[in-house]
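Okay, structure first, notes after.
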Amino acid sequence: AQSVTQLGSHVSVSEGALVLLRCNYSSSVPPYLFWYVQYPNQGLQLLLKYTSAATLVKGINGFEAEFKKSETSFHLTKPSAHMSDAAEYFCAVSDRNQFYFGTGTSLTVIP
Amino acid sequence: NAGVTQTPKFRVLKTGQSMTLLCAQDMNHEYMYWYRQDPGMGLRLIHYSVGEGTTAKGEVPDGYNVSRLKKQNFLLGLESAAPSQTSVYFCASSTQGVRDIQYFGAGTRLSVL
(Lines give C-alpha, C1' and ligand atoms only; values in the text may rest on other atoms or scores of the structure.)
Protein backbone atom coordinates (compact mmCIF):
# COMPACT_ATOMS: atom_id res chain seq x y z
CA ALA A 1 0.00 0.00 0.00
CA GLN A 2 1.03 3.55 -0.64
CA SER A 3 1.74 5.99 2.15
CA VAL A 4 1.88 9.75 2.28
CA THR A 5 3.78 11.78 4.85
CA GLN A 6 3.05 15.42 5.47
CA LEU A 7 5.68 17.02 7.66
CA GLY A 8 4.23 19.52 10.07
CA SER A 9 0.64 19.20 11.18
CA HIS A 10 0.48 22.97 11.78
CA VAL A 11 2.20 25.71 9.81
CA SER A 12 1.95 29.43 10.53
CA VAL A 13 3.04 32.14 8.12
CA SER A 14 2.66 35.88 8.00
CA GLU A 15 0.44 37.41 5.38
CA GLY A 16 2.56 37.97 2.26
CA ALA A 17 5.16 35.37 3.23
CA LEU A 18 6.05 32.21 1.35
CA VAL A 19 3.92 29.16 2.00
CA LEU A 20 5.67 25.77 1.91
CA LEU A 21 3.79 22.61 2.79
CA ARG A 22 5.72 19.37 2.56
CA CYS A 23 4.59 16.03 1.17
CA ASN A 24 6.54 12.83 0.64
CA TYR A 25 5.14 9.63 -0.79
CA SER A 26 6.28 6.04 -0.92
CA SER A 27 6.27 4.55 -4.36
CA SER A 28 8.77 2.96 -6.69
CA VAL A 29 6.67 3.99 -9.66
CA PRO A 30 5.66 7.62 -10.29
CA PRO A 31 2.13 7.75 -8.94
CA TYR A 32 -0.73 10.13 -9.45
CA LEU A 33 -0.38 12.94 -6.92
CA PHE A 34 -2.87 15.51 -5.69
CA TRP A 35 -3.20 18.40 -3.30
CA TYR A 36 -6.60 19.15 -1.80
CA VAL A 37 -7.73 21.99 0.45
CA GLN A 38 -10.43 21.82 3.10
CA TYR A 39 -12.06 24.91 4.54
CA PRO A 40 -13.85 24.65 7.89
CA ASN A 41 -16.97 22.49 7.83
CA GLN A 42 -16.61 21.77 4.11
CA GLY A 43 -15.53 18.90 1.93
CA LEU A 44 -12.21 18.77 0.13
CA GLN A 45 -11.53 20.69 -3.06
CA LEU A 46 -8.79 19.99 -5.57
CA LEU A 47 -5.90 22.45 -5.66
CA LEU A 48 -3.77 20.70 -8.24
CA LYS A 49 -2.90 17.36 -9.77
CA TYR A 50 0.35 15.86 -11.05
CA THR A 51 -0.21 14.32 -14.47
CA SER A 52 3.40 13.48 -15.43
CA ALA A 53 3.30 16.08 -18.21
CA ALA A 54 5.44 18.52 -16.25
CA THR A 55 7.24 18.39 -12.94
CA LEU A 56 6.01 21.84 -11.91
CA VAL A 57 2.26 21.86 -11.56
CA LYS A 58 0.23 25.03 -11.26
CA GLY A 59 -3.04 24.99 -9.40
CA ILE A 60 -5.76 27.35 -8.32
CA ASN A 61 -5.35 30.39 -6.07
CA GLY A 62 -1.65 30.83 -6.93
CA PHE A 63 -0.50 27.48 -5.55
CA GLU A 64 1.97 25.24 -7.31
CA ALA A 65 3.78 22.01 -6.53
CA GLU A 66 6.96 20.43 -7.82
CA PHE A 67 7.29 16.71 -8.38
CA LYS A 68 10.76 15.45 -7.51
CA LYS A 69 11.12 11.76 -8.24
CA SER A 70 14.58 11.47 -6.69
CA GLU A 71 13.25 12.81 -3.40
CA THR A 72 9.77 11.20 -3.70
CA SER A 73 8.38 14.61 -2.82
CA PHE A 74 5.53 16.80 -4.00
CA HIS A 75 5.76 19.96 -1.90
CA LEU A 76 3.14 22.70 -2.21
CA THR A 77 4.16 26.34 -2.40
CA LYS A 78 2.66 29.79 -2.79
CA PRO A 79 4.86 32.87 -3.06
CA SER A 80 2.66 35.17 -1.00
CA ALA A 81 0.17 33.99 1.61
CA HIS A 82 -3.27 35.54 1.82
CA MET A 83 -5.63 35.45 4.77
CA SER A 84 -8.06 33.40 2.69
CA ASP A 85 -5.44 30.62 2.41
CA ALA A 86 -6.04 29.60 6.01
CA ALA A 87 -7.33 26.04 5.76
CA GLU A 88 -6.28 22.41 6.03
CA TYR A 89 -4.26 20.98 3.18
CA PHE A 90 -4.04 17.33 2.22
CA CYS A 91 -1.60 15.60 -0.06
CA ALA A 92 -2.89 12.42 -1.70
CA VAL A 93 -1.46 9.64 -3.82
CA SER A 94 -3.44 7.13 -5.83
CA ASP A 95 -2.63 3.52 -6.53
CA ARG A 96 -4.85 1.13 -8.47
CA ASN A 97 -8.37 2.09 -7.43
CA GLN A 98 -7.57 3.65 -4.09
CA PHE A 99 -6.47 7.00 -2.80
CA TYR A 100 -4.20 7.49 0.19
CA PHE A 101 -4.27 10.80 2.01
CA GLY A 102 -1.71 12.36 4.28
CA THR A 103 -2.71 13.42 7.77
CA GLY A 104 -3.06 17.03 6.70
CA THR A 105 -1.37 20.34 7.45
CA SER A 106 -3.32 23.15 9.03
CA LEU A 107 -2.19 26.51 7.66
CA THR A 108 -2.61 29.63 9.76
CA VAL A 109 -2.01 33.03 8.18
CA ILE A 110 -1.03 35.77 10.60
CA PRO A 111 -2.07 39.32 9.64
CA ASN B 1 -25.07 22.22 -9.86
CA ALA B 2 -25.66 20.05 -6.83
CA GLY B 3 -22.51 17.94 -7.32
CA VAL B 4 -22.18 15.46 -4.46
CA THR B 5 -24.88 15.58 -1.80
CA GLN B 6 -24.69 13.76 1.52
CA THR B 7 -27.57 13.15 3.89
CA PRO B 8 -27.89 13.57 6.77
CA LYS B 9 -25.45 16.30 7.76
CA PHE B 10 -25.46 15.40 11.45
CA ARG B 11 -26.50 12.36 13.40
CA VAL B 12 -26.22 11.09 16.94
CA LEU B 13 -26.57 7.37 17.55
CA LYS B 14 -26.52 5.15 20.59
CA THR B 15 -24.16 2.19 20.66
CA GLY B 16 -25.71 -0.72 18.81
CA GLN B 17 -28.08 1.32 16.67
CA SER B 18 -27.96 1.14 12.90
CA MET B 19 -28.13 3.80 10.25
CA THR B 20 -27.54 4.46 6.57
CA LEU B 21 -25.70 7.42 5.07
CA LEU B 22 -26.74 8.42 1.59
CA CYS B 23 -24.48 9.89 -1.06
CA ALA B 24 -25.95 11.16 -4.32
CA GLN B 25 -24.08 12.59 -7.30
CA ASP B 26 -25.51 14.20 -10.40
CA MET B 27 -22.34 14.22 -12.53
CA ASN B 28 -22.77 10.74 -14.03
CA HIS B 29 -19.53 9.61 -12.38
CA GLU B 30 -18.60 5.94 -12.45
CA TYR B 31 -16.46 5.90 -9.32
CA MET B 32 -17.69 6.65 -5.82
CA TYR B 33 -15.92 6.52 -2.48
CA TRP B 34 -16.65 6.68 1.24
CA TYR B 35 -14.04 8.08 3.60
CA ARG B 36 -13.87 8.79 7.29
CA GLN B 37 -11.91 11.72 8.68
CA ASP B 38 -10.51 11.62 12.18
CA PRO B 39 -8.29 14.19 13.89
CA GLY B 40 -4.62 13.63 13.12
CA MET B 41 -5.35 10.76 10.75
CA GLY B 42 -6.41 12.44 7.54
CA LEU B 43 -8.94 10.69 5.33
CA ARG B 44 -9.12 6.92 5.23
CA LEU B 45 -10.96 5.01 2.54
CA ILE B 46 -13.74 2.78 3.84
CA HIS B 47 -15.27 1.34 0.67
CA TYR B 48 -15.44 2.32 -2.96
CA SER B 49 -17.30 1.47 -6.13
CA VAL B 50 -16.06 1.43 -9.72
CA GLY B 51 -19.54 1.32 -11.20
CA GLU B 52 -23.18 0.50 -10.63
CA GLY B 53 -23.61 -2.81 -8.83
CA THR B 54 -19.96 -3.02 -7.73
CA THR B 55 -18.33 -2.40 -4.35
CA ALA B 56 -14.88 -3.03 -2.93
CA LYS B 57 -13.14 -2.70 0.42
CA GLY B 58 -10.82 0.14 1.18
CA GLU B 59 -8.35 0.66 3.98
CA VAL B 60 -10.79 0.51 6.94
CA PRO B 61 -13.91 -1.46 5.92
CA ASP B 62 -14.70 -3.29 9.17
CA GLY B 63 -18.06 -2.42 10.70
CA TYR B 64 -19.41 -0.88 7.49
CA ASN B 65 -21.35 -2.12 4.51
CA VAL B 66 -22.12 -0.37 1.22
CA SER B 67 -24.40 -0.69 -1.77
CA ARG B 68 -24.44 0.88 -5.24
CA LEU B 69 -27.78 -0.17 -6.71
CA LYS B 70 -28.04 2.97 -8.81
CA LYS B 71 -25.17 4.74 -10.53
CA GLN B 72 -25.90 8.03 -8.85
CA ASN B 73 -26.22 6.71 -5.29
CA PHE B 74 -23.74 5.14 -2.90
CA LEU B 75 -25.02 4.08 0.51
CA LEU B 76 -22.91 3.49 3.60
CA GLY B 77 -24.44 1.38 6.36
CA LEU B 78 -23.53 0.87 9.99
CA GLU B 79 -25.29 -2.24 11.26
CA SER B 80 -24.32 -1.89 14.93
CA ALA B 81 -22.72 1.44 15.67
CA ALA B 82 -19.76 1.65 18.04
CA PRO B 83 -18.17 4.72 19.68
CA SER B 84 -15.07 4.10 17.52
CA GLN B 85 -17.20 5.00 14.52
CA THR B 86 -17.64 8.55 15.75
CA SER B 87 -16.19 10.52 12.87
CA VAL B 88 -16.85 12.80 9.93
CA TYR B 89 -17.80 10.83 6.85
CA PHE B 90 -17.16 12.10 3.34
CA CYS B 91 -18.42 10.79 0.06
CA ALA B 92 -16.59 11.51 -3.19
CA SER B 93 -17.02 10.69 -6.85
CA SER B 94 -14.86 10.77 -9.97
CA THR B 95 -15.05 9.86 -13.63
CA GLN B 96 -11.83 7.93 -14.19
CA GLY B 97 -10.80 6.61 -10.83
CA VAL B 98 -7.27 7.13 -9.66
CA ARG B 99 -6.25 9.41 -12.52
CA ASP B 100 -9.06 11.80 -11.89
CA ILE B 101 -10.19 14.56 -9.61
CA GLN B 102 -12.47 13.54 -6.79
CA TYR B 103 -15.45 15.71 -5.99
CA PHE B 104 -16.40 15.67 -2.33
CA GLY B 105 -19.63 16.15 -0.47
CA ALA B 106 -19.88 18.43 2.55
CA GLY B 107 -19.65 15.57 5.03
CA THR B 108 -21.75 13.87 7.69
CA ARG B 109 -20.83 14.33 11.34
CA LEU B 110 -21.69 11.17 13.26
CA SER B 111 -21.46 10.77 17.01
CA VAL B 112 -21.95 7.37 18.60
CA LEU B 113 -22.61 7.52 22.33
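Lettering follows sequence order; numbering is per chain, from 1. No hydrogens, no waters, no symmetry mates; every other heavy atom, side chains included, goes into these values. These figures come from a predicted structure and were not determined experimentally.
With a 4.5 angstrom heavy-atom cutoff, A:Gln6 does not touch chain B via any of its atoms. For B:Leu45, the part sitting under 4.5 Å from any heavy atom of chain A is the side chain, from C-beta outward, and nothing else. The contact between A:Leu46 and chain B is made entirely by side chain atoms (from C-beta outward), counting heavy-atom distances below 4.5 Å. Contacts between B:Arg109 and chain A at a heavy-atom distance below 4.5 Å involve the side chain alone, from C-beta outward. For a residue to count as touching a neighbouring chain, one of its non-hydrogen atoms must lie under 4.5 Å from one of that chain's; by this rule B:Tyr103 does not touch chain A.
Between B:Tyr35 and A:Phe101, the closest side-chain pair of non-hydrogen atoms falls below 4.5 Å. Proximity of A:Gln38 to B:Phe90: side-chain heavy atoms (C-beta onward) are separated by under 4.5 Å at one or more points.
Within the 3.5 Å criterion, the main-chain N or O of B:Gln102 finds a donor-acceptor partner in the side chain of A:Tyr36.
Atom CG of A:Leu44 sits about 6.5 Å away from atom CD of B:Gln37, to the nearest 0.5 Å. Rounding to the nearest 0.5 Å places CD1 of B:Ile101 at 10.5 Å from CG of A:Leu48. Put simply, CG on B:Asp100 and OH on A:Tyr32 are 10.5 Å apart, with the number rounded to the nearest 0.5 Å.
Hydrophobic clustering of Ile, Leu, Val, Met, Phe, Trp and Tyr side chains at less than 4.5 Å, counting indirect connections, unites A:Leu76 with A:Val11. A single hydrophobic cluster is not seen to contain both B:Phe74 and B:Phe104; linkage of ILVMFWY side chains at heavy-atom distances under 4.5 Å, directly or through other members, places them apart.
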